[in-house]
Amino acid sequence: MANQFAQRELISPTTAQFPSYSDSDVLVRSKGQCKHAVISYVDAQNKYGAVVRYKMYVELHNEIGTTSWWLDDIRIRDPSQ
């Protein structure tokens, strides 16, 4: 779900390549009460068409017993900044 929320924020979402959940650069932390924080990266095209690696931080939660997810916070950092 974190990847889906992140994809919505990208300039070129169809070019997004995310690491697998088991990748050593992916960190998922439970924050209790069905809240989670994900620290990872995504490779995607920037506004110039170059593929760059963006660092991402996503906080999300779901309601117990449902498949509905909500985005609490998202930060996708352009490597040039």
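Only heavy atoms go into these numbers, but all of them, side chains included; no hydrogens, no water, no symmetry mates.
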Kindly work out whether a path of hydrophobic side-chain contacts (I/L/V/M/F/W/Y, heavy atoms less than 4.5 Å apart) joins Val58 to Trp69.
yes
When rounded to the nearest 0.5 Å, the distance separating CG of Asp72 from CZ of Phe5 is 8.5 Å
Judged by atom type as modelled, is there a donor-acceptor pair below 3.5 Å linking the side chain of Thr15 to the main-chain atoms of Gln45?
yes
Could you state the interatomic distance from CG (Leu10) to OH (Tyr54), rounded to the nearest 0.5 Å?
7.0 Å
Could you walk me through whether Met56 and Ser40 pass the side-chain contact (heavy atoms from CB on, under 4.5 Å) check?
CA-CA 5 Å; Met56 66 180 217; Ser40 185; 4.0 Å; yes
All heavy atoms of Leu71 vs all of Asp73, minimum pair found to be CD1-O, 3.5 Å
For Tyr41 and Phe18 the tightest heavy-atom approach is O-CD2, 4.0 Å
Please name all residues satisfying salt bridge (Lys or Arg N to Asp or Glu O under 4.0 Å) with Asp23, sequence neighbours left out, ordered by chain then number.
none
Could you pull out all donor-acceptor pairs under 3.5 Å where a side-chain atom in residues 25-39 meets a protein atom, sequence neighbours excluded?
from	atom 1	to	atom 2	distance (Å)
Ser30	OG	Gly32	N	3.3
Lys31	NZ	Glu59	OE2	3.0

Can you tell me how far CG of Asn62 sits from CH2 of Trp70, rounded to the nearest 0.5 angstrom?
7.5 Å
Distance (rounded to the nearest 0.5 Å) between Tyr21 OH and Asn3 CG
11.5 Å
Side chains of Ile74 and Glu9 in contact at under 4.5 Å (non-hydrogen atoms):
yes
To the nearest 0.5 Å, what is the distance between NZ on Lys47 and CD1 on Ile11?
6.5 Å
